[in-house]
**Student:** 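Let me give you the structure first, and then I'll get to my questions.
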Protein chains: 2
Amino acid sequence: MAADPLSRVFAALADPTRRDMVARLAVADATVGQLAEPYDVSVQAVSKHLRVLQEAGLVTRSRDAQRRPVHLEAEVFDLMTAWIERYRRRAEERYRRLDDVLASLPDDDPTDPTTTERGTPS
Amino acid sequence: MAADPLSRVFAALADPTRRDMVARLAVADATVGQLAEPYDVSVQAVSKHLRVLQEAGLVTRSRDAQRRPVHLEAEVFDLMTAWIERYRRRAEERYRRLDDVLASLPDDDPTDPTTTERGTPS
DNA sequence: CCCTTACTCAACCGTTCGGTTGAAAAGAGC
DNA sequence: GCTCTTTTCAACCGAACGGTTGAGTAAGGG
């Protein structure tokens, strides 16, 4: 149970029920019971889901008498977007470079004198 | 095993080994053996990881004799970022509105006549 | 003071997950 | 035609997951 933060966030959001809870918490804070209401599972199951979200840092909980209001912590999203954007950018850069190569290797039309000279020939 | 696409992508990236493979594939395509080399696990385990990444749409594979080069498909990232940004924005909007409320409810100083009138009473 | 509400803890259950080993499939090279 | 390389398939294993039920805890409300 000692996974790195990024793994915990991704794993937490890999469950559709938990994603839906996050979606609803983005609109307003809610108690465990309120969160459990729409789903066809026990309150205990929802409580477990919330613990997963909490340990992923996606959610915090306060006290209001017996109620434990849940609050969405949106900053953790940055962790994911940072990772995703990093490699997405890297991949796109690679494709861009590939496009350049393809663009520099034209039709090889022997009747076209502008294509007979190649850039960086070995 | 019939999970929705978003769950599959999140689940695929919840594993640090798979994330590392994606990171390396962002630099260059690689074969199963090349991908397996740095890790202290069997090639079969890596093959399984690749199947998970493939079913998540993160990766495609072609043929080169016995080799099966793996290629990163970066478009799937958009699926995640779209989801994340949607709810991040929603959450931030909510906080912004909360700030507005707090700003419109000033110090409540009884000696200050400008704070005695409240908007939308009752 | 009960009693009800709101929630968590604990134990259990079936399934999935990440890993293993062993065998098979598919090609290239001698 | 063998053999070596590369990869997958299949069976298995322990741990984690998502769910359940049942009991326990904490705090208001009659």
Side-chain angles (χ1 to χ4, degrees), chain A residues 1-25 28-72, chain B residues 1-25 28-72:
Chain A
M1 197 198 277
D4 58 294
L6 208 43
S7 295
R8 273 203 284 260
V9 183
F10 278 123
L13 294 180
D15 185 279
T17 304
R18 284 195 293 258
R19 274 202 312 279
D20 192 63
M21 289 197 255
V22 168
R24 292 167 57 207
L25 287 168
D29 292 0
T31 67
V32 179
Q34 289 171 340
L35 284 169
E37 194 264 318
Y39 311 123
D40 197 19
V41 296
S42 64
V43 182
Q44 290 95 317
V46 173
S47 185
K48 279 192 184 183
H49 279 309
L50 283 170
R51 199 152 62 85
V52 174
L53 289 174
Q54 181 174 2
E55 273 161 12
L58 279 160
V59 128
T60 54
R61 332 171 72 161
S62 45
R63 312 206 69 159
D64 169 31
Q66 315 106 313
R67 261 144 263 121
R68 263 159 217 70
V70 184
H71 177 78
L72 182 64
Chain B
M1 199 196 273
D4 59 295
L6 207 44
S7 295
R8 274 203 283 261
V9 182
F10 277 124
L13 294 180
D15 185 281
T17 303
R18 284 194 293 258
R19 275 202 310 280
D20 193 63
M21 289 196 254
V22 167
R24 291 167 58 206
L25 287 168
D29 292 1
T31 68
V32 179
Q34 288 169 341
L35 282 169
E37 193 263 319
Y39 311 125
D40 196 17
V41 295
S42 65
V43 182
Q44 289 96 317
V46 172
S47 184
K48 280 192 184 184
H49 279 309
L50 284 170
R51 198 152 63 87
V52 174
L53 289 173
Q54 181 175 359
E55 274 161 10
L58 278 160
V59 128
T60 54
R61 333 172 69 161
S62 43
R63 310 204 71 160
D64 169 30
Q66 316 105 313
R67 262 145 259 120
R68 263 156 218 75
V70 185
H71 177 78
L72 183 64

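Below, read A as the first sequence line, B as the second, and so on, with proteins coming before strands; counting in each chain starts at 1.
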**Student:** How many Å lie between CG on A/Asp29 and P on C/dA6, as a whole number?
**Tutor:** 17 Å
**Student:** Grab the CZ-P distance between A/Phe10 and D/dA16 for me, whole Å please.
**Tutor:** 22 Å
**Student:** Go along nucleotides 19-30 of chain C 5' to 3' and tag each nucleotide: B for a protein heavy atom under 4.0 Å from its base, S when only backbone or sugar atoms are that close, - otherwise.
**Tutor:** BBBB----BS--
**Student:** Who passes salt bridge (charged side-chain N to carboxylate O under 4.0 Å, His left out) against A/Arg24, sequence neighbours left out?
**Tutor:** none
**Student:** Round to the nearest Å and state the distance from B/Leu53 atom CG to D/dT8 atom P.
**Tutor:** 12 Å
**Student:** Would you sort out whether A/Val70 and A/Asp29 count as a side-chain contact (heavy atoms from CB on, under 4.5 Å), showing the intermediate values?
**Tutor:** CA-CA 6 Å; A/Val70 184; A/Asp29 292 0; over 6 Å; no
**Student:** Among A/Val52, A/Leu13, A/Leu58, which residue meets the side chain to side chain contact (heavy atoms under 4.5 Å, CB included) test with A/Arg18?
**Tutor:** A/Val52
**Student:** Quick one: is C/dT8 close enough that its OP1 or OP2 comes under 4.0 Å of any side-chain N or O from A/Arg61?
**Tutor:** yes
**Student:** Less than 4.0 angstrom between a side-chain N/O of B/Thr31 and OP1 or OP2 of D/dT7, yes or no?
**Tutor:** yes
**Student:** Please list, chain by chain and in numerical order, all residues satisfying salt bridge (charged side-chain N to carboxylate O under 4.0 Å, His left out) with A/Asp64, sequence neighbours excluded.
**Tutor:** A/Arg67
**Student:** How long is the line joining CG of B/Asp20 and C1' of C/dG18, in whole Å?
**Tutor:** 16 Å
**Student:** Under a plain distance cut-off of 3.5 Å, with no hydrogens placed, do B/Asp4 and B/Ser7 share a side-chain donor-acceptor pair?
**Tutor:** yes
**Student:** Using whole Å, report how far CG of B/Leu50 lies from P of D/dT6.
**Tutor:** 16 Å
**Student:** Between D/dT6 atom P and B/Arg51 atom CZ, what is the distance in whole Å?
**Tutor:** 22 Å
**Student:** If you take all heavy atoms of A/Arg19 and B/Phe10, which pair is closest and at what distance?
**Tutor:** CD-CE1, 3.9 Å
